[in-house]
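Notes follow once the structure below has been shown.
Whatever order the structure lists them in is the order used to number ligands and atoms, beginning at 1. All values below were derived from every heavy atom in this structure, side-chain atoms included, with hydrogens, water molecules and symmetry-related copies excluded.
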Amino acid sequence: MKLTILGGGGFRVPLVYGALLGDHAEGRVTAVTLYDVDGDRLDAVARVLAEQAAGQPDAPRVSVTRDLDEAVRGADFVFSAIRVGGLEGRAADERIALAEGVLGQETVGAGGIAYGLRTVPVATAIARRIAKLAPDAWVINFTNPAGLVTEAMSRILGDRVIGICDSPVGLGLRVAKVLGADPATAWTDYVGLNHLGWLRALRVDGRDRLPELLADSEALGSFEEGRLFGPDWLRSLGAIPNEYLHYYYFNRETVRAYREAKQTRGAFLRAQQSGFYEEMKRPGTPALATWRRTLAEREATYMAANREAAGAGERDAKDAEDAEPGGYEQVALALMRAVARDERTTLILNVRNQGTLSVLDADAVVEVPCFVDANGAHPVAVDPLPHHATGLVTAVKAVEREVLAAAGSGSRSHAVTAFALHPLVDSVSVARRLVDGYRAEHAGLAYLRLP
Ligand code: G6P
Ligand code: MN
């Protein structure tokens, strides 16, 4: 089984490889091809993987290439984890949005739109190459904004592309843990779009245990989302939102925290990651140890500005080495095993709606529980969204559709509409200035030429 990783020089690739190393069963991945546009980054990551594989005779073979066609040909699975414009681009997305007083997070608000506008054309071109060279491959999309990018790719690859995110799975596991429930048998009722979903129930033996958790302030204070949103707001909603909804429900506070922070997330990661790749160029650098140290720092500072704004304290320690079942790489591995070996399971994934959420059309990519088997991911019927969630989900889907229209046509007016319709952008004038600002900054947006 051959797995190709697009964005193979990316920092989180060793997480995926580490998960593969733990899989010894028949039908496992035996060859990994890393594709990237940057040779130095490929070399750095290949060194980390080589140290990870040391002493393991059945470790998947690793090859690297900067040729997309070569990478894709013959692949059974393709992981797409690219970052168009790099972390430099991410930092610029934040800076330009903040200068207008709006949020520039890479997946939410103005930043997510800017990032989507430059990523969709690239992801679409990649999807076309895959459709041509490896039409039977399954494509697992990690590239953010993951829901939007999966929808763009699904227009070419249909249901052969499946988007993943670890945050809903992580939320389900955290809630199960505080309730002392077994996550293997509990049913997590989680629905929405990527980074815009709600856990509405956790059913154990047919009974919803969420009301019990919502009634218990101490238990709510013991995990990440409980601390971010606070017990009162969670009780008002009657659900636990995805952590990214903090940017919506506490927008002023998060924008302020981002403005007051020494650095935005993108700027922090740009400095941290370029330090890592520089260090890796030195021959004596212990690759795996250096990577682990950098990862621990990245994990510890995740959503730090939000926690600061919420007074939520430090992040719970996450043991990077001993990958959690809800971690990014474990979700990807579980999905791959279910599809490749028919190890049937349910996972929360980004797939085409097909009638699951009645307020959206069949082709809209949504994030919902799916039954997964050798035929792919099948969304499971869910209860309708409450009105407040319908409002946000349909508004943001309309924004995504404008981004797709802009990327497909090169029309600036669709791009302006995308920004203007977003619930976290409060003026059409701001939307116009954002398009001009982003266009001036990113060469990848030069295609927005038409009126
Ligand atoms: C979470 C999100 C991902 C995101 C990751 C890293 O897992 O679900 O979409 O890529 O965090 O975030 P960071 O801010 O460290 O790049
Ligand atoms: Mn995510």
Q | His195 atom NE2 and Cys165 atom SG as seen from the Mn ion (ligand 2), angle to 10 degrees | A | 100°
Q) Going by the order shown, which atoms of ligand 1 are within less than 4.0 Å of some heavy atom of Arg90? A) 13 (P), 14 (O), 16 (O)
Q: Classify the angle between the aromatic ring planes of Tyr244 and His195 as parallel (below 30°), tilted (30 to 60°) or perpendicular (above 60°).
A: parallel
Q. Atom 12 (O) of ligand 1: which protein heavy atom is closest, and how many Å away?
A. Tyr302 CE1, 3.5 Å
Q) Which of the atoms in ligand 1, numbered in the order shown and given with their element, are less than 4.0 Å from a heavy-atom of Asp166? A) 1 (C), 2 (C), 7 (O), 8 (O)
Q) Got a salt bridge between Asp23 and Arg341, using NZ or NE/NH1/NH2 to carboxylate O under 4.0 Å? A) yes
(Q) List ligand 1 atoms under 4.0 Å from Arg265, heavy atoms only on the residue side. (A) 13 (P), 14 (O), 15 (O)
Q | Contact check, Met303 vs ligand 1, heavy-atom distance below 4.0 Å | A | no
Q) Below 4.0 angstrom, N of the basic side chain to O of the carboxylate: do Glu151 and Arg352 qualify? A) no
Q.
Under 4.0 Å from a heavy atom of Tyr244: which atoms of ligand 1 are those, numbered in the order shown and with their elements?
A. 1 (C), 2 (C), 11 (O)
Q. Does Arg12 have a heavy atom less than 4.0 Å from any atom of ligand 1?
A. yes
Q: Below 4.0 angstrom from a heavy atom of Cys165, which ligand 1 atoms are there? Numbered from 1 as shown, please.
A: 8 (O)
Q.
Could you go through His378 and Asp373, starting from their C-alpha distance and side-chain angles, then the distance that decides it, and tell me whether this counts as side-chain hydrogen bond (donor to acceptor under 3.5 Å, both in side chains)?
A. CA-CA 8 Å; His378 319 279; Asp373 67 2; 2.9 Å; yes
Q.
Pairing donors with acceptors under 3.5 angstrom, does anything connect the side chains of Gln105 and Glu94?
A. no
Q: Return yes when atom CD of Glu308 has more than 12 non-hydrogen atoms of other residues, nucleotides or ligands closer than 6.0 Å, and no otherwise.
A: no
Q. Quick one: do Glu100 and Arg95 make a salt bridge, cutoff under 4.0 Å?
A. no
Q: Please identify which atoms of ligand 1 are closer than 4.0 Å to at least one heavy atom of Asn144.
A: 3 (C), 4 (C), 9 (O), 10 (O)
Q. When you check the side-chain N and O atoms of Thr107 and Asn144, is any donor under 3.5 Å from an acceptor?
A. no
Q) Backbone, side chain, both or neither: what part of Thr107 comes under 4.0 angstrom of ligand 1, heavy atoms only? A) neither
Q | Option of least heavy-atom distance to atom 16 (O) of ligand 1 (set: Glu106, Arg298, Gln272) | A | Arg298
